[in-house]
Every structure is written in structure tokens, then in C-alpha cells.
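All chains are named by letter (A, B, ...) in the order of the sequence lines, taking the proteins before the strands, and each is independently numbered beginning at 1. FYI, side chains are in, hydrogens and waters are out, and symmetry mates aren't considered; it's all heavy atoms of this structure.
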Amino acid sequence: MSFPNPTPRPEGELEQLKRIWRPPSGLGFLTVVNNTYIGLFYVGAAVMFFVLAGILALIMRTQLAVPDNDLVSDGLYNQLFTMHGTMMMFLFAVPAVEAMGVYLLPNMLAARDLPFPRLSAFAFWAYLIGGSVFFLSIFWGLAPDGGWFMYPPLTSIEYSPADNADFWLLGIGFIEISAIAGAIEIVCGVLLTRAPGMSLDKMPVYAWAMLVFAGMIIFAFPAVILATLLLELERAFGWPFFIPGQGGDPLLWQHLFWFFGHPEVYIIFLPAAGMVSMIVPTIAQKPLVGYRLVVLAVIGTGVLSFGLWVHHMFATGLPQLSLSFFSAASMAVAIPSGIQIFAWIATIASGKVRLTTPSLFILGFLFIFTIGGLTGVMVAMVPFDWQAHDTYFIVAHLHYVLIGGMVFPLFAAFYYWVPVASRRALSEKVGRWVFGLMFVGVNVAFFPMHITGLIGMPRRVSTYPADLGWGDLNMVSTIGAYLIGAGVLLFLIDVARNFRITSADNAGNVWNAPTLEWLPNDNYATRSIPIVASRDPLWDQPGLAEDVEAGRYYLPNAPTGYRETIVTSPVTAEPRYIVQIPGPGWFHVLAAAFTAACFLLLTVKLVTPAIICGVLAVFFVLAWAWQLDPGPTHPPVDIGGGLKLPVYKTGSGSHSWWATICFLLVAGTTFLCMIFSYLFLWLSNVGDWPPAGTALPALSWASGSAALYLASALLAWGASRTLAAGRLWTSQGLLLLGALPALCGALGVDGWGFWQAGLRPQDHAYGAAVYTILCLTGVFAFTLAIFTPFLTLRAAFGRLDTARRASFDVGLLLFYYTAGQALVGLLLTHGFPRAVG
Amino acid sequence: MTVGGALILLLVLALTAYALLAAPETRGWLGSRRTILWGGIAFPTVTVTALLIYGLLVARGIVTPAVGEDVQRVEVVGEQFWWRVRYLDDDGRVLFETANELHLPVGRTVELALTSADVIHSFWVPALAGKLDMIPGRTNILRLRAERAGVYRGQCTEFCGVQHARMAFHAVALEAEAYDAWLREASGPAVEPATSGLREGRERFLQLGCGACHAVRGTGAAGVLGPDLTRIGSRQSLGAGMMPVTAENLAAWIADSQHLKPGNLMPPFDMLPDGEAQAIARYLESLK
Amino acid sequence: MRAKTWLIAGLATAGVVALALLGAWGGLYNVAASKPHLDVTRWALHQAMRNSVAFHARGIVPPPDLDEPSRVERGVGHYSIGCAPCHGGPDQAQNLVVQHMQPAPPTLDEAADHWSARELFWIVKHGVKYTGMPAWPANNRDDEVWAVVAYLRQMPASPPPAESPSLRMSATPESCNGCHGPAGGGGPHGATPRLAGQNEAYLARTLRDYAQGKRQSGIMAPVAHALSEAEIDRLAAHYAVLTPPPAIAPATSVAAGTRLGERLVRAGAPESRVPACGACHEDGQGRAVDPRYPRLAGQPAPYLTQQLRLWRAGTRGGGFGPVMTAVARKLTDEQIQALADYYESLPR
Amino acid sequence: MTAMQGEDATPFLRWIGIVLPGFLIWGAHFGLVYGYVAVACTLDAGVGGTQAAVALATLAALLLIAGLFWGFVIRPGSRFNAGPATRFSRRLAWATALLSGGSVLLTALPALIFPGCA
């Protein structure tokens with residue numbers, strides 16, 4: 001076999017690699033961006049929140065152990081269960097799987113790091129700071145107490161006048177932003193930084209799962225972001241989206257929340273299933289049976305799970321036919337899950353499984369998750385759900401699904417992958433105890449709840465009367481909960497005893513696993529980046545580890561002298577260019593801290609300090625962005641095998657373009673959800689839309705505004721053309737003095753049209769919806785009002801020219817998108833009422 | 001369905017155990033794509049489709065109203081944290097109002113119009129029917145039918161605030177004759193106090209302004225904010241399912257319901273001198 | 001060398017501190033009030049006080065209708081008994097004994113020229129340490145503090161009403177009438193409740209609530225605190241039998257509001273969970289009121305609005321306080337005004 | 001030096017175009033029938049036509065899925081067929097077509113049993 005770099009590597013090359021990728025020391029360690037460190041911190045923080053939320057659960061279980069207990073007050077109990085659910089979902093489950101992705105993906109794809117390491121560091125810090133303060137709110141009695149689902153009107157200002165609900169809305173809204181940042185990172189990482197040769201059909205199932213996971217975040221989270229925005233607008237400014245007397249509808253929240261909330265379950269499950277699909281072949285020492293079908297199942301689950309949201313709303317009195325569509329979709333999604341389960345069984349059958357701790361957790365997962373899946377099919381049946389809904393049966397079901405489907409695979413993954421990150425593996429002996437306690441605990445805690453629910457115990461009750469006979473079952477559940485707690489405690493002890501973080505001398509490929517994360521690695525990841533020819537390269541390509549370590553493959557060095565990795569094409573994984581990756585820095589850390597501070601200060605209504613923090617956050621984001629887009633600093637470099645790659649790329653092949661497109665998909669989905677909300681509110685006010693006494697502005701306002709939006713897009717296009725033609729300052733003039741004023745003017749004309757027609761957002765849900773649509777465009781106009789002068793500044797400092805235009809292209813896409821979104825908005829707000837009225 | 005689920009679980013477990021433990025030669029057939037095609041695709045497709053059709057048929061049976069049946073119509077309004085119950089005549093006019101208790105005739109369909117005065121609640125009598133949400137601004141229709149006489153417990157199943165756990169009620173199913181008798185009694189005014197002590201209790205009740213929130217038909221107390229008390233002495237429970245209706249419990253409730261059920265809307269009357277709350281409580285307890 | 005410098009500086013500082021402590025602790029400092037402060041000391045202390053007040057008073061927002069007559073009227077009453085003894089007043093020379101305080105309390109004729117409204121508010125509410133100026137006796141009655149400020153801004157242009165020279169803390173009806181009007185019939189601007197014809201049980205309990213701190217007021221609490229049980233009963237009995245003056249005729253401009261008030265009194269506002277006031281108080285149709293409840297008919301609107309606002313804010317305690325707090329919580333400003341206007345217009 | 005020209009996003013979008021349209025059509029069909037029922041039941045109109053409307057939408061969705069797959073995946077001269085459609089992608093495309101077609105049918109099933117807006 002001929003290698004790209006067959007000759008021995010020169011002296012000093014390895015030292016250079018080490019130096020470039022070394023994390024800073026001392027206080028500067030806070031600025032570290034290497035995925036191996038950020039990923040571990042991220043996992044660690046997620047486990048911390050898991051433990052904290054688990055402690056809250058133990059307090060609840062203690063309260064419920066006996067009837068008529070008064071260990072905690074009703075009010076505190078409500079905070080406890082709200083925080084338990086919220087933290088497990090938003091502070092543990094999603095961040096944990098995202099964190100595992102940040103840690104594992106680059107190694108698994110043989111990239112040196114993710115393409116935007118500072119973005120994942122930003123996501124981590126924002127999450128850690130925001131999440132910690134959010135948790136601490138319970139010590140001030142300020143923790144949210146409206147349930148993790150936060151249904152208005154209970155969470156509206158009238159029934160929750162204190163700041164508790166705002167902690168949820170702003171705190172969680174903020175953590176969602178962090179999750180989306182991570183998702184964009186993962187999409188770009190999986191699609192663009194795979195090892196050469198790792199075409200889509202050779203990609204590890206885990207990478208598929210993470211790709212679908214990230215895609216689902218991009219399409220699901222906007223719904224809940226919009227929902228939190230609407231509820232906060234209602235609470236803070238009285239825009240009545242959910243108040244029935246003023247044209248609002250409490251069910252709008254439920255649609256938006258569950259349009260996020262159901263995919264959320266699969267967002268949590270898919271990465272875990274992806275891990276299982278990695279671990280099962282290793283423990284069986286055979287390739288995964290039915291790779292293609294599993295990939296199909298992963299994609300299929302991702303898509304079909306968007307058609308299930310109403311199955312959380314079967315008891316809301318929607319038409320039976322509407323409910324049935326969702327019942328059908330809920331059944332359909334069982335098929336992809338069946339595919340995966342039988343693929344794992346088949347793989348196990350094809351090999352010989354050793355009962356190590358990871359295997360035990362996998363088997364425990366199969367058992368628990370299957371029960372959860374079967375009860376899931378049961379509650380997907382509408383008549384059954386009318387009985388089971390909002391009872392302990394559901395509590396049992398969802399814990400079987402989430403603990404079985406996510407926690408057990410995660411623990412399997414911990415035991416399985418720790419040797420990559422640690423000098424020592426975790427203890428097999430202790431691991432069996434951990435598994436035993438958790439497995440028995442889960443079943444003792446949650447199985448009786450099926451019965452407790454079926455005999456009538458509702459969820460979310462702080463206590464229950466003695467004469468109903470629910471006491472014994474609850475006591476059993478409480479004992480089970482403590483068993484789980486003991487298992488987790490034992491795990492933490494095991495981690496403390498055996499986990500020794502390392503970048504170089506890790507425990508190695510102890511399981512004889514087939515994928516690339518088991519290659520010898522260091523802070524720079526693998527010494528050289530292999531060419532992949534199979535799905536299980538370490539099994540099918542003998543000697544791969546030695547050859548990689550000897551630098552015989554691509555990019556065994558750092559030819560530009562910076563951190564860099566190979567960008568490959570998304571489908572076939574052919575090397576395209578070398579991307580220079582930013583290293584450690586303070587700006588993203590400060591940006592995260594001030595963004596978190598801004599949101600949290602807003603929560604407690606300290607508006608002035610919040611604005612100051614917000615301005616500082618924007619400043620640090622810009623300072624961070626200033627250092628990005630390095631331009632073609634270096635002539636094309638030879639990475640081996642005569643392959644000369646450029647070190648910079650713009651246009652639709654570049655990683656910044658992909659990231660921007662992902663971001664615009666988030667924005668577009670948010671806007672689509674707003675269109676849905678507008679139409680939904682119309683449906684609640686049929687015949688009164690706009691409400692009596694409200695006039696629509698004359699069409700001339702709409703046409704004037706539309707003309708200006710079009711002009712702004714055209715001027716931006718002109719700016720791009722002139723920049724390509726080398727006329728930098730003409731281009732800047734067109735953008736800053738043409739496109740931007742046109743955009744802001746268009747927005748102003750549109751908004752003023754409604755305002756002078758007498759429409760006010762506080763009067764009726766109609767006005768609130770119209771102005772929110774305007775605001776969603778306003779957010780982009782505001783962003784561009786900051787970003788366009790920023791581009792001009794770059795141009796003035798020689799950081800923007802005909803060749804170095806990646807940041808310009810980002811601005812250009814934003815202009816196009818904003819104009820497009822605004823035009824759709826115009827059509828809706830001016831056209832729809834005329835069409836129906 | 002549960003049995004079916006258990007069978008499927010056993011099947012999966014048996015296959016897993018077989019895959020794990022059987023000799024490599026015998027289990028080899030399982031380790032192929034065929035397993036996925038049959039077990040993971042064909043089998044779920046068939047069972048799920050069958051189950052869906054079955055579920056839809058069951059649901060159709062529940063939601064389709066029986067044509068031409070003489071139904072009793074009742075409006076139930078969820079409030080933080082109790083139930084307002086209004087019996088309606090055939091034209092939808094309110095006959096009378098009561099609280100935290102639903103009487104229904106055995107063998108006859110009762111059509112409940114469910115709505116809410118504040119936040120979202122959910123109406124559920126496990127023994128009689130599935131649950132249905134009570135959503136402000138909407139009215140949901142639930143049809144109930146008790147086949148046997150008896151008292152059935154119900155409870156709010158949508159989290160509705162601090163006292164969600166203590167928002168229960170009772171559905172009392174009566175045979176046709178008993179039901180008609182109850183309906184006649186319940187729609188009339190409250191009983192007159194029989195003794196001077198009870199008359200004194202009524203006097204205190206009215207003078208202290210209890211009628212600002214509560215109604216006792218026939219006395220001038222016509223408040224609409226709190227539960228109607230016209231026949232509170234005959235009810236199954238006090239405080240929406242919390243405790244039996246006795247004079248002691250009523251007195252304790254009057255003196256400090258915020259201690260018994262924090263967050264309900266009734267202010268405490270702990271400033272009343274000894275005996276006064278008891279007098280009112282005895283009067284209320286006599287309202288049967 | 002450097003270490004030595006530090007050492008010397010440290011020892012010197014320690015020595016100065018020790019001397020200062022010795023001076024104060026050892027009794028060397030003379031605290032006699034007979035000797036005035038040195039001029040420079042007085043200037044420094046005064047500046048420090050001024051700056052402290054200015055600093056702490058920032059962000060206090062006066063009510064928009066600060067100079068409203070009924071508010072001034074309430075301030076007058078308290079000034080006469082609470083402030084004038086030390087500060088003197090427009091018609092009352094400063095007490096000679098007080099003038100020997102150190103520092104001596106200033107006269108307040110020109111207080112409003114030297115201090116802004118929010119600074120006056122801060123001083124009246126919090127007092128000034130080391131000067132003898134006390135803090136306001138009730139910590140949640142900013143409305144009373146503003147009343148005093150409102151009056152201070154009028155001084156000396158509008159002197160207290162004619163009765164004021166007789167105002168002394170005493171257990172005679174004359175003393176009460178200083179604020180509550182001739183024969184307990186209320187002041188000209190409706191700042192205070194009319195006592196004449198009020199329920200005896202209610203009057204006696206209210207005075208006891210003030211005296212025991214169950215109901216907070218910097219104005220009434222000191223008065224009630226000085227009364228004996230017998231005096232309380234005597235005063236209550238005295239006012240209960242007086243004939244109240246005729247109802248204050250409703251102005252035509254508030255007639256619409258009065259109709260809203262009538263509706264609230266008879267039926268409440270069930271949609272916003274406001275019960276009918278008339279279930280406990282007068283309902284305009286001759287309902288007899290429980291003697292422990294106050295009679296509201298004919299009470300001045302400014303007084304009633306003020307009380308309802310206190311109830312709504314949750315700072316008005318006393319007898320049936322929890323009940324009324326629960327009732328008033330949901331009232332809007334418009335409803336409060338309408339109720340007050342309606343009750344004012346009702347004949348006793 | 002000018003920006004490097006190289007492979008842009010087109011091949012991946014084409015790949016998406018082969019693998020995902022079945023699901024996208026399922027999504028469109030789902031949204032359509034759900035939206036139709038929601039609007040029709042709120043407006044109290046067109047209840048009788050529900051079955052026909054759902055049937056029509058289902059037929060259209062199935063035809064569209066079949067048509068797209070014939071055009072993009074099976075038809076020998078298809079531009080997509082020549083592109084990144086390896087054996088893997090083509091098989092995946094087949095499977096998604098079947099899964100989404102089945103899901104469309106399952107979604108339509110309730111309309112057979114519930115004629116209206118009960």
C-alpha cells in the first residue's frame with residue numbers, strides 16, 4: 001500500500017504540532033478551546049446537573065413516600081418538580097449528548113478539532129454560567145413553579161406575578177441558544193471535517209445520529225424559542241398571545257411547546273442510540289448488521305418525530321380526526337425504533353458478547369427502553385391515553401424511555417469511552433455494581449408507577465390522601481429511587497478513583513474497537529489524518545494505528561504554523577481545503593459571560609445593568625469575529641501524496657457558508673412558527689380578524705415597504721458584484737449607504753403603517769402577532785445595522801477584499817434572508833386579512 | 001393491549017437472550033439482515049396498523065353521541081382549586097349551582113360542558129371516563145355514563161397551581177328515582193334553620209358578609225366568587241375533597257383555611273371571637 | 001530599605017489609630033452639648049449630612065399630585081403634634097429647651113427652599129443620626145411621609161387651621177377634632193375620616209390596633225399609644241353617638257364613576273374576583289353593618305381612596321385586615337376612585 | 001490570490017434531494033390534512049368533504065413520491081442518478097420512499113374511520 005507520506009518525518013515536526021495545540025496553562029486555561037478539554041468540561045457539567053436534578057427528585061420521592069406528608073410545602077414541591085424536569089431536559093439530556101458529540105466527533109472523524117472550536121467553547125461557558133444561576137434560583141424561592149411545560153395562563157402574569165416564570169423563560173431561552181450554537185457546530189463538523197475517504201456510506205452510525213440530532217435541534221428548538229419569546233412579551237409588555245379575553249389562546253403555547261417537546265425526546269434518544277450502534281459491534285466484535293437500515297431508521301425517526309407533537313394534547317378537546325393523525329404518526333415512528341432494536345439483536349447474535357460493564361448497560365437499555373417503547377405505543381392510542389394522560393403511568397413511561405433510552409446508553413458510553421480520555425479505564429467490578437443498582441433501582445422505582453397511574457394517581461401532586469391506597473406503591477418507588485441514587489453515587493466514586501484526564505498516554509483501545517477515536521492521539525488528535533476505506537477502519541485496515549502515528553497519512557505536520565484541519569466534501573469526503581482554526585482566546589469566554597449576565601439581569605428586572613452587559617456581550621462577539629476570516633494567508637500547502645490544498649475558501653463550499661445557512665434555517669423555522677402562530681390565532685378568532693374596530697393600513701404602505709426591501713436585496717447583490725470586480729469601496733458604499741438604509745426604511749414604513757392605522761400590540765392578539773412579525777424582521781435589521789459597519793471597518797483595516805470575503809458573504813446572506821422573510825411577512829400581514837375578510 | 005405489550009417484551013427479551021447465550025452455530029440465523037426486515041419492519045408494521053385501527057374504532061364508539069337520547073346537561077367550571085357545577089335545563093339555562101360534587105343518574109348519559117375560569121384544569125373521574133381539559137376561552141364536551149350507583153372520586157389532572165394536589169371532587173351516581181328526588185331538592189332554596197342557635201349562625205353568616213363570595217339560596221347571600229353553600233351539609237367533602245363536612249372542620253376552615261389549603265382564595269377569619277365561627281359552622285353543617 | 005519604609009508607615013498608622021481610640025474610649029473627648037462644635041466641624045458634618053441625604057434620596061419619585069389639598073391637610077395635623085414641638089411652626093415659636101440641643105433643630109419655614117421634595121421625604125422617613133431627628137414611626141406608610149412633605153412645601157404660606165394651637169396629645173375629643181374636624185365631622189379637604197356616627201366597636205378596636213401596632217401609622221399610632229383603655233372606650237363612645245354631618249354632595253363630573261361604584265357595592269366585579277362591598281358595608285339600600293365593620297357612607301373620598309390603596313398594597317393591617325386585603329387586591333385605580341366617590345355620596 | 005474555486009454545496013443538496021423527498025412529501029401531506037381538518041372543523045364547513053379531501057391529498061402524495069423516485073432514482077437518464085447516487089444512496093432513497101409512503105397511508109387511515117369533526 002502506498003502512503004501519502006511514506007518517508008520518515010523530519011525532526012521537530014511533532015514538537016511543533018504539540019506546541020501549536022497545547023492548551024494554555026494557569027488562569028489562561030479558561031480560554032482553552034480544544035474539543036478534548038471543552039468536551040470533557042461539557043460532559044462534566046452535564047453530569048453535575050444530572051446529579052443536582054436527581055437530588056431534587058430524591059426530595060420529591062421522599063415527600064411522596066407516605067400519604068399526607070408535609071416534608072416540603074406545596075409551593076416548594078412545585079418548584080422541585082418543575083426544576084427536576086427542566087434541568088433533566090435542558091441542563092442534562094441535551095447538553096450531555098451534545099457534549100459527547102463535541103468530545104467524540106472530531107476523534108471519530110479523525111479531524112484535529114471541530115471547525116468552530118470557539119463556538120463550542122462559547123456554548124459551553126454560556127451553558128455552565130446560565131445553568132448554574134438557573135439552578136441556584138431555587139435557594140431564593142425564585143425557581144420556576146409552573147411545570148417544565150410552563151402552560152399559560154398559569155404562567156401568565158396574572159397567575160404567576162413573581163419572577164419565577166421569567167427565570168424559566170429567559171434562562172431556558174438562553175440555554176436553547178447555546179444548544180443551537182452547538183448544533184450548528186456539529187452539522188459543520190460532521191459534513192465538512194471527515195477523514196478523506198469517509199464518504200457518507202462509511203460514516204460511523206454515531207456521526208449519522210449526531211447529524212440528524214443537530215438537524216432536529218435546528219428545526220425543533222426555534223418553536224420553543226418563539227414560544228418563550230411570545231410568553232415573555234406577554235408577561236413583560238402585555239401582548240396578549242395566550243389570554244382568551246383578548247383574542248389569545250392558551251393552546252397556542254401547547255402547540256409550539258410540543259412541536260419542540262416531542263422531537264426533543266428523539267433529540268435525546270438518537271445520539272444515545274448512535275452510541276449503542278457503536279458499542280454493540282465492539283462488544284460483539286462483528287460489524288453492525290443492517291448499517292443502511294439503521295441509517296434509514298435514524299433519519300426516519302428524525303423526520304417522523306416532527307409529526308407527533310399533538311399526542312401530548314390528546315385531552316385538550318381537539319377534533320377526534322385531528323388527534324388520530326398524530327396517533328397514526330406515533331405508531332409509524334415505532335417502525336424505525338423496531339429496526340434499530342432488531343439490528344442490535346442481530347449484531348449480538350452474529351458475534352460473541354463478553355459481559356463487560358458497557359455490555360450490561362446496553363442489555364439494560366434494551367430491556368428498559370423496550371418497555372418504554374411499548375407503553376409509548378399504548379399511550380399513542382387515543383382512548384388509552386385519555387385514561388393514562390397526566391397520571392403516574394406517563395411518569396413511568398417517560399422515565400423508562402428517557403432513562404432506558406438515554407441514561408443507560410450514556411453510562412455504557414462512559415464506561416466504554418473513558419479509556420480514550422483517561423489513563424485508566426473505570427473499574428469493571430464497581431461498574432457491575434453501578435449497573436446492578438441502577439437497573440434494579442429503575443425498575444423498582446418506575447415499574448410500580450404504571451400501576452399507581454392506572455389506579456388513578458395524577459402527576460404533579462405534592463401529596464395524596466391516605467385512604468386511596470396509593471401509599472405502598474409510592475413507598476416502593478421511593479426505595480427504587482434511592483437505589484438509583486446509590487448507583488450514581490458509586491459511579492461518581494469510581495470516576496473519582498480511576499478517571500485521570502490525559503491527552504497523550506490514555507488507556508488505549510482496550511475493547512478492540514473499530515473506529516478512529518481509538519487511534520493513538522494527543523492534543524492535536526491523531527498525528528496524521530488517515531484515508532478511510534471501510535466502515536470499521538481499525539479492523540479492516542491492518543496497521544492503521546502505526547501508520548497514522550508514524551505520520552504516513554495526510555497532514556502529519558502544521559504547514560501553516562497554525563491550528564488546522566482538512567475540510568472534505570460532504571458526500572464523498574474528498575479533501576478540499578485546509579481550514580485554519582482559531583486557538584484559545586478570551587473574547588468568546590467574555591461574550592458568553594456577559595450574554596449570560598444580560599439574560600439573568602433581565603430576569604430580575606435590572607434593566608440598566610442588563611443593557612450594559614448586553615452591549616459588552618455584543619462588543620466581545622464582534623471582537624471575536626474580528627479575528628475570524630483570516631483570508632488566504634498562505635499559499636496552497638502540500639498535505640502529502642502530492643495533494644496541494646488551498647488554506648482559504650469562500651462561497652458555498654466554505655465552512656462559514658454552511659454555518660450561516662444552518663443559522664438561517666433556525667431563523668427561517670422561527671419565522672415559520674410565527675406564521676403558524678398567526679394563522680392559529682386567526683383560527684381562534686375566525687370572523688373577527690382583524691378584530692372589529694381595527695383598520696388595515698392602506699396597501700400603499702405595504703407596496704412601499706416591499707419596494708424598499710427588494711431594493712435592499714438588490715443593492716446587497718450589487719455590493720457583492722462590485723466587490724468581486726475589485727471595487728471595494730463602491731461595494732461598501734452600496735452596502736452601508738444603500739442596502740442597510742433601505743432595509744431599515746422598509747421596516748420603518750411597514751411598522752409605521754400599522755401604527756398610524758391605530759393598531760397597538762397590547763389590545764388584542766391580532767396586533768401582538770403583527771408587531772411580533774415585524775420584530776422578527778427587526779432583529780435582523782438590528783443585527784445588520786451592527787454588522788454592516790463592522791464590515792466597513794474590516795475593509796478599512798484591510799481585513800476585507802476581493803479574495804478575503806467570507807465575512808462579507810455572511811452579511812450578504814443575512815441581507816437576502818431578511819428581505820425574503822420580510823416580504824413573506826408583508827404578504828401575510830397585509831394579504832391574509834384581506835383574503836379572509 | 002397490556003398482554004400484547006408483555007408478549008412483545010418477552011419476545012424481544014427471549015431473542016436477546018438467545019442471541020447472547022445460544023451456541024454460535026444455532027444462533028447464526030438470527031445475525032442477519034433478515035432479522036431486521038421481519039422483526040424490525042414487518043412485525044411492527046402489522047401490529048401497529050392493527051392496533052391503530054382498533055384504537056380508532058374504540059375512540060369512535062366513545063365520541064359519537066347517541067342520537068335521540070335524553071341527556072342531562074351540566075356545566076363544570078374549573079377554578080383554582082375547586083369545581084363549580086351548574087345544572088342546565090334543556091335550553092341551556094342554569095337551573096341551579098353547586099360545587100365540588102357531580103350527581104348523575106345511573107344508566108343515562110350526562111353531557112358535561114367543561115371550561116375554566118382561570119388556568120387550565122382537567123376533569124377526570126377514572127372510574128367513569130377518560131379525562132378532558134378545561135381550558136379558559138374554550139368549552140369541551142365530555143359524555144359520562146355511570147352504570148352502577150355509587151360514589152366515584154375525581155381529581156384535577158392538569159397542573160393548575162399551588163394546590164393542584166388538593167383539587168378533587170366526587171361523582172355521585174344515583175338510581176333514576178333517587179336522582180330525580182335529588183334534583184328537586186337541590187334546585188330549591190336552603191333549609192330554614194330549625195333552632196335559635198342555627199338562626200343565630202345564619203345571622204352571623206349574613207352580617208359578617210359571607211354572602212359577598214358565597215351563595216345560600218333563599219337567604220340573600222348571593223355571592224358568586226366562591227362555592228355555592230346552599231346544601232353544603234349534604235356534600236361528600238369540604239375543601240374540594242380534603243375532609244368530611246363536619247361542624248368542626250367547617251369552623252377550622254372558616255378560622256384559617258389558608259393553613260389547611262394554602263393559596264386558596266378564601267381569607268382567614270381567625271379574628272372572630274370564640275364561638276362565632278362555630279355558630280356559623282353549625283349553621284352551614286345543617287344545610288342538607 | 002523598602003521593607004523598612006513600610007514598617008515605619010505601618011507603625012505610624014497604628015499609633016494614630018491607638019491615640020484616637022484612647023481619646024474616645026478613655027473619655028478624653030468632650031461630649032458636652034453646652035459647647036458648640038468648632039465651625040469647621042459643623043461645616044464638615046453639615047456637608048456630610050447634606051451629601052448623604054442627596055445620595056440616598058436619588059431615585060425617589062414624588063407622587064405627581066404632591067401638593068393636593070387633602071394631602072397637605074393630613075400633613076398639617078401631624079406637623080402640629082409631631083414636628084412643631086422641636087421645630088416650631090408658623091404660629092408657634094420654637095421651644096427654648098429644644099434650642100439648647102446640639103445641634104439645635106432648625107426652623108422649617110424655608111425647608112422646601114433648601115431641600116428637594118425627595119430629600120425632605122428621605123429625612124422625614126429615615127431621620128438623621130446624631131441630631132435627634134427621629135425616623136418615621138411606621139415603616140410602610142410612605143403616604144403619610146409624603147403628606148408631611150407636602151405640608152412642608154406649603155410653609156409658611158398656609159398655616160395650620162385655627163384649631164391647631166389647641167393641638168396637644170391628650171385624650172379629649174377637642175384634640176382629635178383638630179384633624180378629624182369639628183365634632184368629628186371631617187376636615188375641609190377630606191384627608192381624615194369622619195368619626196361622628198362611626199360604629200363604637202370599630203372605633204375602639206381601631207384605636208387599640210394603632211396602639212398595639214397591628215395597624216401602622218406614624219400619625220395615629222403615637223396618639224393612640226398614649227391613650228389608656230378607659231380613654232379609648234370613652235372616645236369611641238363619644239363619637240359613636242354624635243350625629244354625622246350631611247353627605248358630601250357628589251360632583252356631577254364623577255357621576256359616571258359613581259354608577260360604577262354603585263355596581264361594585266351591590267354586585268362586585270365577579271369577572272375580576274372582586275366581591276360586592278355592600279355584603280359587609282352599607283349597600284346603599286339600608287343594609288345594617290356589623291358593628292365591628294366601619295360604616296363607609298358619607299366618608300370623604302380622599303380618605304377612602306387612600307385606605308383602599310393601602311389595602312391593595314397589603315400594608316393596611318388591623319382587625320379584619322386579611323379579609324379586606326384579599327378583597328382589595330384586585331381593585332383597579334378606576335374602581336377605587338369610583339367606590340370612594342360612591343360612598344362619599346351616600347347619606348349616613 | 002483569488003478565492004479558491006472548488007466543490008460547492010451542490011452535490012450534498014443533490015444527495016438530500018434524492019434521499020429526503022419522500023419524507024418531505026410525508027411532512028407536506030401531514031401538514032395539509034391536519035391543517036385542512038383544523039380549519040374545516042373550526043369553520044364548521046366542509047365536514048362532509050373531509051374524507052374526499054384526505055383521500056385526494058393522499059393520492060397526490062403517493063403519486064408524487066412514486067413520480068419523484070422514478071424520475072430521480074430509477075430513470076436511467078436522470079441527472080441525479082449520474083451524480084452522487086451511489087448504491088448506498090440509491091438503496092437509502094428506496095427505503096425512505098417506502099417508509100414515507102407507508103407513513104402517508106397510515107396517516108390517512110383515520111379519515112376512513114372518522115368521517116367528520118366529532
Chain B contact via [X] - side chain, backbone, both or neither, heavy atoms under 4.5 Å:
{"X": "A/Gln254", "result": "side chain"}
{"X": "A/Leu468", "result": "side chain"}
{"X": "A/Pro152", "result": "backbone"}
{"X": "A/Ser330", "result": "neither"}
{"X": "A/Leu363", "result": "side chain"}
{"X": "A/Leu454", "result": "neither"}
{"X": "A/Ile339", "result": "both"}
{"X": "A/Phe314", "result": "neither"}
{"X": "A/Thr347", "result": "neither"}

Going by an N to O cut-off under 4.0 Å, is there a salt bridge joining B/Lys261 and A/Asp74?
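No, B/Lys261 and A/Asp74 are not salt-bridged.
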
Is [X] close to chain A through its backbone or its side chain, or both, or neither, when contacts mean heavy atoms under 4.5 Å?
{"X": "B/Leu132", "value": "both"}
{"X": "B/Leu9", "value": "both"}
{"X": "B/Arg60", "value": "neither"}
{"X": "B/Gln80", "value": "side chain"}
{"X": "B/Asp133", "value": "both"}
{"X": "B/Arg34", "value": "neither"}
{"X": "B/Ala129", "value": "backbone"}

Just wondering, do A/Ser73 and B/Pro262 contact through their side chains at under 4.5 Å, heavy atoms?
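Side chain of B/Pro262 against side chain of A/Ser73, heavy atoms only: no contact under 4.5 Å found.
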
Of all residues at least two apart in sequence or in a different chain, which pass the side chain to side chain donor-acceptor pair (under 3.5 Å) check with A/Gln63?
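So A/Gln63 forms no side chain to side chain donor-acceptor pair (under 3.5 Å) with any residue.
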
Count the heavy-atom pairs under 4.5 Å between each of A/Asp249, A/Thr155, A/Asp145 and chain B, then report the option with the highest count.
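Of the options given, most contacts go to A/Asp249.
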
What about B/Phe159 and A/Phe81, are their ring centers closer than 6.0 Å?
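Close enough - the centres of the two rings lie under 6.0 Å apart.
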
Quick check for you: among [options], which has the greatest number of heavy-atom pairs under 4.5 Å with chain A?
{"options": "B/Pro126, B/Gly39, B/Ser116, B/Gly137", "value": "B/Gly39"}
{"options": "B/Thr47, B/Leu37, B/Ile41, B/Thr49", "value": "B/Ile41"}
{"options": "B/Thr45, B/Leu142, B/Ile36, B/Ile135", "value": "B/Ile36"}
{"options": "B/Leu30, B/Val58, B/Thr139, B/Leu56", "value": "B/Leu30"}
{"options": "B/Ser32, B/Ala22, B/Pro24, B/Cys156", "value": "B/Ser32"}
{"options": "B/Arg138, B/His164, B/Met167", "value": "B/Arg138"}

Heavy-atom closest contact (A/Leu154 atom, B/Cys160 atom, distance)
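A/Leu154 and B/Cys160 have their closest heavy atoms at CD1-O, 3.6 Å.
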
What do you reckon, is CZ of A/Phe447 surrounded by more than 12 foreign heavy atoms closer than 6.0 Å?
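Counting neighbours around CZ of A/Phe447, 12 or fewer heavy atoms of other residues, nucleotides or ligands fall under 6.0 Å, so no.
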
Looking at B/Lys131 and A/Gln387, would you say the former's side chain and the latter's main chain have a donor-acceptor pair under 3.5 Å?
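Checking the backbone N and O of A/Gln387 against the side chain of B/Lys131, a donor-acceptor pair under 3.5 Å is found.
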
Backbone N or O of A/Met457 within a donor-acceptor pair of the B/Gln155 side chain at under 3.5 Å?
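Between the backbone of A/Met457 and the side chain of B/Gln155 there is no qualifying donor-acceptor contact (under 3.5 Å).
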
How would you list all residue pairs meeting salt bridge (charged side-chain N to carboxylate O under 4.0 Å, His left out) that involve residues 382-397 of chain A, not counting sequence neighbours?
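Qualifying pairs: A/Asp390-A/Arg459, A/Asp390-A/Arg460.
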
